[in-house]
Amino acid sequence: MRYCVQIAGVGGQGVLLASSVLGHAAMAAGHKLAMSEVHGMAQRGGSVLSTLRFGDEALSPLEATGQADLLLGFEPVETYRMLNLANKDTYIVMNLQPTVPVKVSMGAESYPAIDDIVANIRSVTDRLITLNATELATQAGKAVAANAALIGATAGVKDFPLERSLLEETLLETVPERFKEINAKAFQLGYETVRSAV
Amino acid sequence: MERLLDDSGKLLVLGNEAIVRGCIEAGVAFASTYPGTPSSEIGNTLQKIGQKAGVYFEFSTNEKVALEAAAAAAISGVRSFAFMKHVGVNVAADPLMTLAYSGVDGGMVILTADDPSCHSSQNEQDNRYYSMLSLLPMFEPATPAEAKEMIKEAFKVSEELKSPVLFRTTTRVNHARGVIELSKPEQEPAKGKFVKDACRFVNIPAFARMNRLKLLERSEAARRVSESSPYNTIEGEGQVGIITSGVSYTYAKEWMEDVSILKLGMSSPLPEDLVARFIRDKDMVIIVEELEPYLEDQVLRVARQNGISTPIFGKRTGHLPRAFEYNPDVISNIGIVPVREGREPLSPPPMTLPTRPPMLCAGCPHRATFYALKKAVGKEGAIYSSDIGCYTLGIQPPFETADLVMCMGGSVGAAGGFSAVTDQRVVAIIGDSTFFHTGVPPLMNATFNGHKFVLVIVDNRATAMTGHQPHPGTGRSHGGRDTPALAIEPLVKACGVEHVVTVDPLDVKSTQKAIKGALEHDGISVVVSQSPCPLELKKRRVLQVSTYAVDQDKCVKCYHCVEALACTAFYRDGEDVMIDPDLCIGCGVCAKICPRGAMGVVE
């Protein structure tokens, strides 16, 4: 068995934290794993990608184009940018909350309509699941728990090989005591959103 | 991170943390660096746990100093470890080349963290050639777990040969994450003693000639070690042979089918006999290595010298690319060998997506400096000679304050050249850490030779881009040593600069005035623009956050703020300029530059 998660987002969004939680859960489940992440210059608000591969033979830190089992998109444009990492069988979980680049604010570039992004993805796959992680996190108590909602969403994806309880425990271990409740709630909301979509 | 100090157990760690654990298990007593991506987290980890692990660790002022200090430690008989990014080895190359002549007594490993694809670098030079140039042995790990074990082997080989050993990683090893198993650290001496031996350590010409011959002997001994190294192994059966090293091995191993792989963990000196035996009866051999045809050219030579006619494919035959890092797709597209089949990637309808280059953070004081600088320079313009650090991001509009970026310290040296041959105004921009690294000698050069330019030292009180490491301007407070901060202004004055002003860039008007004054000065003038990096303050939990918002009734939609300051916290909602409360840290610069005073602090 080999399973690959690609996580696309913007530097500073918590992509590293999410991949770390998934990685630790995969290790706890007894899998071999290989991961790669982006540090350094790109973390200053640039596009970032984390790769997690686990299973019997995972050795390479990178995955081939089109071979992701799950594409976890922290941001709509970044998800679209990385769509060629997915194939028709890949589940795509996408956060609908945009992070607007400065050049767009300056009026030099434009940000496409979210509906167009969603429609374009749906035109090539029926495995897109969308959620607004920021809204779910706000509902849970704090917008910064958006991360937890997306990890919860991952747990809800069909055939995802790691147990929901394991993912939740691993996530909560990384969270300070006073934020555990909010994160657990956000995790659950993310999980339920994906479950009800399937 | 503390768990890296345990005696047993399994941990999921970053490659750079695995390397630190390897050093701890190898009984390293001395470690030094100048921070640089992708090697930075090695230093950050040692800063936190080095002392507890019995490792003396320092952030040196530059890589040359780091290597010299580590060389002295190894010559004194302890195990020492110097590490840096690939271009850092250029800075350290001077001592490196002659240290190879002297050799060492305690084991010494010099890590070069190469960056194929230039993820965070100005070039993607292949530092395996430093091994060929210096005649020092070299190891190349493929994964974090292997890096940890291989470090120990590298120290063993170093002591066996009495030679420093190079250890070459790449971004996909340093910033890969994998599982390591902890084992008990070796007991190695923590204190050394230097025994004088002028013939070895004082390379005057007469001694250097003797040491050159000894170096050639050591290099041949190293080749014999390489021939039987446990890290040079053959796996798999097949008539197609693959020769590979570093992370490329993982792509070949997982994607190529029915091949026999010669994996070179100790890649220099090349185990020539082993290679000859491996390639002799193969139908064909493919060399899978990133960047230059380093192994390929040597394998071609070995084939020629041994009368072997096996076809050898790689970069020289156009089957594999020479530029940028490899990945599974590179292997899948090679075309001459069966590979693991993949599924068809999605090809969504083309959409024009906004670009997302790295940007100065919201509240970054560099943004305020650049705003003031552009105002002060005005329409007449200037050549902006910039340097390596966060402020290189000034290349982006609206500032465009980077017309030349070569190397650490290069801004000041180049400014002198521009001023000598052009009639254009010249502004050099350098960070605090970079100024201490290699910015001081060119500043002395400028006053010595009577150049004329403005040097803006953007002093954010940290080596910020690589993760806020300390430098002489901040003083150190780790590993049980506290040292005072070295002030920049007196140092600048001591370099012969008469016109020096220190300003707070968040006070935009004063900064603009100070830069204007500096531009009018005839000679070298220096503006120290000093304000701490908010991310660093945030890390230490001392950042006072307040949040600004735009009063839409006062705002006249002139868009001066978004066009001339372009803070990442701004966004547009229709006609309105908004400030993202999650990103704003309350630097207040937008409120100061708004012609209508429309920004203000909200609760």
Side-chain angles (χ1 to χ4, degrees), chain A residues 10-12 19-20 23-24 27 32-47 52 57-67 77-78 80-81 83-90 100-112 116-117 120-121 123-125 143-144, chain B residues 10 12 14 37-38 40-41 119-120 142-143 172-179 247 250-251 253-255 327-329 331-332 340 342-349 351-361 390 392-393 396-398 465-467 559 562-563 566-568 570-572 577 582:
Chain A
V10 179
S19 63
S20 168
H24 277 98
M27 180 174 78
K32 279 191 183 166
L33 69 150
M35 299 168 63
S36 86
E37 34 194 66
V38 174
H39 293 244
M41 204 176 215
Q43 275 179 293
R44 300 278 180 269
S47 306
L52 165 66
E57 294 165 78
L59 187 66
S60 155
L62 299 178
E63 183 53 84
T65 306
Q67 309 312 308
V77 156
E78 295 314 313
Y80 207 81
R81 219 190 287 285
L83 267 187
N84 69 337
L85 302 179
N87 59 64
K88 275 199 176 317
D89 295 327
T90 306
V100 178
V102 176
K103 279 191 185 167
V104 174
S105 310
M106 287 169 67
E109 294 184 357
S110 60
Y111 197 101
D116 291 347
I117 295 178
N120 278 352
I121 300 177
S123 75
V124 290
T125 177
V144 291
Chain B
K10 274 188 180 183
L12 174 61
L14 200 61
T37 310
S40 308
E41 297 80 10
H119 294 283
S120 288
T143 65
R172 298 300 180 184
V173 174
N174 297 96
H175 290 162
R177 216 173 260 279
V179 178
V247 71
T250 69
Y251 311 138
K253 174 82 180 162
E254 278 203 57
W255 274 270
N327 54 49
D329 294 334
I331 305 297
S332 299
R340 182 148 63 86
R343 288 160 291 183
E344 185 68 27
L346 292 182
S347 59
M351 268 188 119
T352 308
L353 301 177
T355 54
R356 205 183 297 269
M359 298 295 289
L360 295 170
C361 307
C390 289
T392 314
L393 297 174
Q396 294 289 351
M465 178 62 96
T466 48
Y559 304 118
V562 286
E563 282 164 10
C567 179
T568 30
F570 294 146
Y571 67 96
R572 292 266 285 269
V577 175
D582 291 332

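Below, all heavy atoms of this structure are taken into account, side chains as well, without hydrogens, waters or symmetry copies. Note on naming: letters A, B, ... go to the chains in the order of the sequence lines (proteins, then strands), and numbering restarts at 1 for each one.
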Looking only at heavy atoms, which two atoms of A:Leu62 and B:Trp255 are closest? And how far apart? O-CH2, 3.7 Å
Is it the side chain or the backbone of A:Lys103 that comes within 4.5 Å of chain B heavy atoms, both, or neither? side chain
Looking at A:Glu37 and B:Arg177, would you say the former's side chain and the latter's main chain have a donor-acceptor pair under 3.5 Å? no
Selection from B:Glu563, B:Arg356, B:Glu344, B:Arg172 maximising heavy-atom pairs under 4.5 Å formed with chain A: B:Arg356
If you take all heavy atoms of A:Leu59 and B:Glu254, which pair is closest and at what distance? N-OE2, 2.7 Å
To the closest 0.5 Å, what do you measure between CZ (B:Arg343) and CG (A:Asp89)? 6.0 Å
Looking at every heavy atom in both B:Ala566 and A:Val102, which two are closest together, and how far apart are they? O-CG1, 3.6 Å
Is A:Leu85 close to chain B through its backbone or its side chain, or both, or neither, when contacts mean heavy atoms under 4.5 Å? neither
Side chain, backbone, both or neither: which part of B:Tyr571 has an atom under 4.5 Å from a heavy atom of chain A? both
Minimum heavy-atom separation for A:Pro112 to B:Leu353, with atom names? CG-CD2, 4.2 Å
Closest heavy-atom contact between A:Glu109 and B:Thr355? OE1-N, 2.7 Å
Nearest heavy-atom neighbours spanning A:His39 and B:Thr37: O-CG2, 4.4 Å
Atom group of A:Leu83 that falls short of 4.5 Å from chain B, counting heavy atoms: both
Look only at the side chain of A:Asn84 and the backbone of B:Pro345, and say whether a donor-acceptor pair between them is shorter than 3.5 Å. no
Of the backbone (N, CA, C, O) and the side chain (C-beta and beyond), which part of A:Ser123 lies under 4.5 Å from a heavy atom of chain B, both, or neither? side chain
